[in-house]
Amino acid sequence: QVQLVESGGGLVQPGGSLRLSCAASGSIFSSYHMAWYRQAPGKQRELVAVITRGGSTNYADSVKGRFTIARDNAKNTVYLQMNGLKPEDTAVYYCKASASYTYWGQGTQVTVSS
């Protein structure tokens, strides 16, 4: 099975940047599609970004041009670089690994506030 551990969340001012990391263990990382989701209080969980096994990426319209997803298979880690953060980006961010099964991390809080 796969265990996912997110890190890098915190409090940041509007316009600031954060880099989230998701470290995977317990399986072959390169076999998985990876994604970042987020969920704000009172709202549905939404897809933020995806990176496939082959390295193709897709982003939610709300983050295009500001967020970048990347993976380092040698380090078994996927990243989400978040630039130009806005208050509406405030949410718990979750890492997901997908293959035959789906695995979720516990989430990391991102708060964008002045």
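Throughout, numbering of the chain's residues begins at 1 and tracks the sequence.
Tyr79 and Val48 are members of different hydrophobic clusters when ILVMFWY side chains are connected at heavy-atom separations under 4.5 Å. Linking Ile, Leu, Val, Met, Phe, Trp and Tyr residues whenever their side-chain heavy atoms come within less than 4.5 Å places Leu18 and Leu4 in a single cluster. Hydrophobic clustering places Val112 together with Val63 (ILVMFWY residues linked when any side-chain heavy atoms are closer than 4.5 Å, directly or through intermediates). Under the 4.5 Å side-chain heavy-atom criterion for grouping Ile, Leu, Val, Met, Phe, Trp and Tyr, Val50 is not connected to Ile69 through any hydrophobic cluster.
The line from CD of Glu6 to OG of Ser21 is 10.0 Å long, rounded to the nearest 0.5 Å. Note that CZ of Phe67 and CG of Asn83 are 8.5 Å apart. Values are rounded to the nearest 0.5 Å. Rounding to the nearest 0.5 Å places NZ of Lys86 at 8.5 Å from OG of Ser62. We find the CG-OG distance between Leu11 and Ser113 to be 6.5 Å, quoted to the nearest 0.5 Å. The CZ atom of Arg45 lies 11.5 Å from the CG atom of Leu47; values are rounded to the nearest 0.5 Å. To the nearest 0.5 Å, atoms CE (Met82) and CZ (Arg19) are separated by 11.5 Å.
Within 6.0 Å of the CD atom in Gln39, the count of heavy atoms belonging to other residues, nucleotides or ligands exceeds 12. The environment of Glu88 atom CD is dense: over 12 non-hydrogen atoms of other residues, nucleotides or ligands sit within 6.0 angstrom.
Under the 3.5 Å distance criterion, with hydrogens and angles disregarded, no donor-acceptor pair is assigned to the side chains of Tyr103 and Lys96. Using a 3.5 Å distance cut-off with no hydrogens or angles, the side chains of Tyr93 and Arg38 do pair a donor with an acceptor.
Of the candidates Val92, Asp89, Leu20, Leu80, Leu20 is the only one forming a side-chain contact (heavy atoms from CB on, under 4.5 Å) with Val110.
Between Gln81 and Ser17, the closest side-chain pair of non-hydrogen atoms falls below 4.5 Å. In this structure, the side chains of Trp36 and Cys22 come closer than 4.5 Å at one or more pairs of heavy atoms. Gln109 is listed as a side-chain neighbour of Thr90, based on a closest heavy-atom distance under 4.5 Å. Two residues are said to be in side-chain contact when any heavy atoms from C-beta on lie closer than 4.5 Å; Val78 and Tyr32 fail this criterion.
The shortest heavy-atom contact between Pro14 and Ser114 is CD-N, 3.7 Å. Closest non-hydrogen pair, Cys95 versus Met34, comes out as SG-CE, 3.6 Å. Between Ser30 and Arg53 the shortest heavy-atom distance is O-CG, 3.5 Å.
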- Message: Using side chain to side chain contact (heavy atoms under 4.5 Å, CB included), reason through Phe29 and Lys75 one step at a time and then give a plain yes or no.
- Response: CA-CA 9 Å; Phe29 179 80; Lys75 296 182 177 179; over 6 Å; no
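In this structure, the side chain of His33 does not engage the main chain of Ser98 through any donor-acceptor pair within 3.5 Å. The main-chain N or O of Ser56 is found under 3.5 Å from a side-chain atom of Thr52 such that the two form a donor-acceptor pair.
If you look at Tyr37 and Trp104, their ring centroids are closer than 6.0 Å.
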